Every structure is written in C-alpha cells, then in structure tokens.
Amino acid sequence: EAGVAQSPRYKIIEKRQSVAFWCNPISGHATLYWYQQILGQGPKLLIQFQNNGVVDDSQLPKDRFSAERLKGVDSTLKIQPAKLEDSAVYLCASSLAFGQGAGYNEQFFGPGTRLTVL
Amino acid sequence: AQKITQTQPGMFVQEKEAVTLDCTYDTSDPSYGLFWYKQPSSGEMIFLIYQGSYDQQNATEGRYSLNFQKARKSANLVISASQLGDSAMYFCLISNFGNEKLTFGTGTRLTIIP
C-alpha cells in the first residue's frame, strides 16, 4: 500500500513570495490533515478535511494561508505572501473517517515539506 | 478546549532499561482517543499505540504499553527494554470523537545511551 505522498520535499523562498505544497493521501482515506511543525515544537493542525469539506480550520492564518481538496482526494496548501515565521515543516496526514474502519482515526503521515523563508 | 501536556522536554536512558514518557491531558469530551507517535531525526511520524477513553484495558503493542489512568487524565507511554533505535522525539496526541479536534503535545526527546 502506497503511503502519503508530499511534494516538494524542500523549498527555499524569500519573504513575500508565494509557495504551494501538494499532498496525495492514502487511497480510500476520507480525512486529510495539514500540520505546521516549527523546529522544536509539536505539530500544529492547520486544516482538516473530510472528503472535500473542511472540518476544522480554526488555526489556519486565513489572511495568507489557503488550502483546497477539490475532488476529495489530493490537496494543495498555499502561502501567499510568505513571512519569515512560516519557516517550518509542513506535514500532511490522512486517515479513515470515523466509523469507516478501525473505529479510531490513526493518522498516516507523509514525509513533510521543509520550508525555509529568507 | 482540549490540552495535552508533556512535562519532560528531554530524557536520557541507558540501553535495555525501561522508560516512561509522561502525558497528561484535559478535555471536556467524554469520548476521546489518545495516541503516541515517534518522530526520528529523519522527520517522519510513526504511529506507536492507541488508547480509547472507554477501553477497559491498557493498550499494548510489542515493547510499547500505555499506562492509562482516566481519573488522573494521564496516558503515559512505557517502552520496555529500550534500544538505540528508540532515540527520537515522542508526541502524545488527543482526538476528541465528538468534534474530531486533534491536539499534539510539545514532545519529549528521548536519547538512549549505549
């Protein structure tokens, strides 16, 4: 079974530029998560989708961050314009929806995208 | 609101000894799940173990076990017979079943000494 795919793995941009990250979840997983992990901290949930609907985006800085999951499969996270404090690893994860399988939503994580904003 | 607290930023343990990583939580949802993930220096997040709030027995997965004390709201991870490959960051995570809110703790960096 293929895991969660993310690209690019690394990205370096200057502040005020735009950047986009892509995530392809495990086939059949209805729920998709984007996390921001700043160095030395735990991951912070940015947005959670179930199929193509948003479940939780309360911690997404909506003035500069946007995310979409148009067909309920892969997803894109965009930052426009980037700030120095956006330097972090952006993790994508997917899980079965509640009641769809094991009864709990074990998340499977991708390798992450390491963003450096100069 | 929900909160996860991991009070040990770093731990050093001798190889082959057992180690306990602390996790306390606070939630108003009666139904929730607690997870532990391992993050090696390579960066990937690896699922270790799960405990549901209504599970009567403590979860075990190989060398990993979860010391779940619901009244104290603690879910400590116990690793038996530690190995050098256990050196990593360890995160505790709570997931509320009611609203599916997820919160990670700040993590504990475990270093196994040969």
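Just so we're on the same page: letters track the sequence lines, and every chain starts at 1. Bear in mind that the values here come from a model prediction, so they are computed numbers and not experimental data.
The CD atom of A/E106 sits 7.5 Å away from atom CZ of B/F35, with the distance rounded to the nearest 0.5 Å. To the nearest 0.5 Å, atoms OH (A/Y35) and CZ (B/F104) are separated by 4.5 Å.
Counting heavy atoms from C-beta on, the side chains of A/P43 and B/M45 come closer than 4.5 Å.
When the candidates A/G40, A/G42, A/G110 are compared by the number of heavy-atom contacts under 4.5 Å with chain B, A/G42 comes out ahead.
Note: the hydrophobic cluster containing A/F21 also contains A/L32 (ILVMFWY, side chain heavy atoms under 4.5 Å, direct or indirect links). Taking hydrophobic clusters as Ile, Leu, Val, Met, Phe, Trp and Tyr residues chained together by side-chain heavy-atom distances below 4.5 Å, A/F65 does not share a cluster with A/L45. The cluster map of Ile, Leu, Val, Met, Phe, Trp and Tyr, joined by side-chain heavy atoms under 4.5 Å apart, puts B/F91 and B/I46 in different clusters. Transitive grouping of hydrophobic side chains (ILVMFWY, heavy atoms separated by less than 4.5 Å) brings B/L34 and B/W36 into a common cluster. Grouping the Ile, Leu, Val, Met, Phe, Trp and Tyr side chains by contacts below 4.5 angstrom, directly or via other members, places A/Y33 with A/V89.
Heavy atoms closer than 4.5 Å to chain B are found in the side chain of A/Q37, but not in its backbone. Only the side chain of B/Q39 comes within contact range of chain A, with heavy atoms under 4.5 Å apart. B/L93 touches chain A through its side chain: at least one heavy atom from C-beta onward sits under 4.5 Å away, while N, CA, C and O do not.
One N or O on the side chain of B/Y37 and one on the backbone of A/Q107 form a donor-acceptor pair closer than 3.5 Å.
Within a 6.0 Å sphere centred on CD of B/Q57, other residues, nucleotides and ligands contribute 12 heavy atoms or fewer.
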